[in-house]
Amino acid sequence: MATIDSLPPLRDVIASHGISARKQLGQNFLLDLNLTARIARAAGDLTTADILEVGPGPGGLTRGLLAEGARRVLAVEKDERCLPALAEIADAYPGRLAVLNADALTVDPTQHLGQPIKVVANLPYNVGTELLVRWLTPAHWPPFWQSLTLMFQKEVAERIVAKPGSKAYGRLALLAQWRAEAKIVLTLPPEAFTPAPKVHSAVVHLTAMPEPRYPADAKILAHVTATAFNQRRKMLRAALKGLAPGIDDLLSEAGIPPTARAEEIDLERFCTLARLLADQRRPEQI
Ligand code: SAM
């Protein structure tokens, strides 16, 4: 197995520290250090940024990030069995790796890292979407992160970058693309992981835009898109009729045929509709 540093190969690390993969922690490890270095490079220049890594496990991606020159890495890992392996990496890169034994859902990275911050992670699938939605919906924009470079199940990655008219297009695409540039930068077969999962995976790179692509109130936009896509087979005039009296007129004013279905409508027109609804109603009514 190729190595990118003077530390032992990951198979040896896993064997010597007894880190057998646990399904309930979403543990599918990347053991090819050339691959982890490629994922690290997909995050762009790391030398001028602090990195949040969620779920480092035995540290394959962590080593990729450090070998690629990351200024500092904060690695948040729930499984304490991984800590001795991560401590060895910290020793090999003095002052550049901090490890937190914690649930990533409870950590505020800004307490530990300086700006600019990039998030890079081979996420556990069970918490991946929840973390992504949180990172995309902070109380204030721009968010704490400059970019997110994240591994997902391929179907989830396709939902993040989907365009109107496709089956994968829905709330996640709108949420991600409203305030970020999103693209798939790498796809991986199951055999890239140990143990191999049942599904293919893909790395998505998201860059935070300074301003939303089109103006809209975040809560109203989220509510409109949730309502529209909860009944994605219905015509929008029916799916959205509870949102406002005269919804047909508002849809037409937004350039949306009232007989269209949610998956045909692009982000710009959803934002226009959200603004028209905001003008018409007090936000707490929506
Ligand atoms: N980054 C490693 C790699 O690429 O080989 C491991 C990836 S594995 C898919 C996901 C890792 O996330 C596991 O090490 C698991 O223990 C950890 N993990 C699971 N849930 C977590 C949580 N809520 N907070 C922090 N780490 C978590």
Side-chain angles (χ1 to χ4, degrees), residues 1-5 7-15 17-43 51-68 70 73-90 97-109 112-113 118-135 148-154 156-157 185-204:
M1 193 66 70
T3 195
I4 51 172
D5 51 33
L7 289 157
L10 282 160
R11 270 185 209 288
D12 297 355
V13 172
I14 286 172
H17 294 291
I19 315 174
S20 52
R22 289 194 177 147
K23 210 175 172 176
Q24 68 271 29
L25 284 167
Q27 291 182 334
N28 301 96
F29 300 131
L30 289 169
L31 303 187
D32 179 347
L33 289 164
N34 283 323
L35 186 56
T36 62
R38 255 177 88 191
I39 297 169
R41 283 197 293 276
I51 311 297
L52 168 66
E53 186 195 357
V54 177
L61 183 53
T62 320
R63 286 165 63 175
L65 292 164
L66 290 162
E68 289 300 318
V73 178
L74 172 70
V76 182
E77 174 57 60
K78 202 170 166 180
D79 184 355
E80 61 182 23
R81 295 177 309 154
C82 301
L83 302 182
L86 296 168
E88 286 172 8
I89 304 172
L97 173 62
V99 179
L100 267 187
N101 182 203
D103 182 336
L105 293 165
T106 65
V107 170
D108 174 3
H112 307 269
L113 298 174
K118 295 184 174 194
V119 181
V120 186
N122 174 13
L123 292 165
Y125 291 137
N126 50 350
V127 291
T129 313
E130 180 172 353
L131 278 170
L132 174 66
V133 170
R134 275 194 201 192
W135 289 329
L148 308 173
T149 307
L150 308 173
M151 181 87 70
F152 288 101
Q153 188 174 327
K154 189 163 164 256
V156 176
V185 289
L186 194 65
T187 52
L188 295 174
E191 314 80 74
F193 301 84
T194 304
K198 290 197 175 68
V199 293
H200 281 67
S201 300
V203 177
V204 181

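Counting starts at 1 for both ligands and their atoms, in listed order. Since we're looking at a predicted model, the values are computed, not measured. Note that the numbering runs from 1 along the sequence shown for the chain.
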Dump the intermediate steps for side-chain contact (heavy atoms from CB on, under 4.5 Å) on Leu150 and Trp135, then the final yes or no.
CA-CA 12 Å; Leu150 308 173; Trp135 289 329; 4.0 Å; yes
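- Each side-chain hydrogen bond (donor to acceptor under 3.5 Å, both in side chains) pair with one or both residues in residues 52-64, not counting sequence neighbours, appears once here: Asp5-Arg63, Glu53-Thr62.
- Looking at Asn122, its side chain never comes within 3.5 Å of a backbone N or O of Pro56 through a donor-acceptor pair.
- Glu80 CD: 12 or fewer foreign heavy atoms inside a 6.0 Å radius.
- Listed for the Asn101 side chain is a donor-acceptor partner under 3.5 Å among the backbone atoms of Lys78.
- The CG atom of Asn28 sits 10.0 Å away from the NZ atom of Lys198 when rounded to the nearest 0.5 Å.
- For ligand 1, the protein residues placed under 4.0 Å by at least one non-hydrogen atom are Leu25, Gly26, Gln27, Asn28, Phe29, Leu30, Glu53, Gly55, Pro56, Gly57, Val76, Glu77, Lys78, Asp79, Ala102, Asp103, Ala104, Asn122, Leu123, Pro124.
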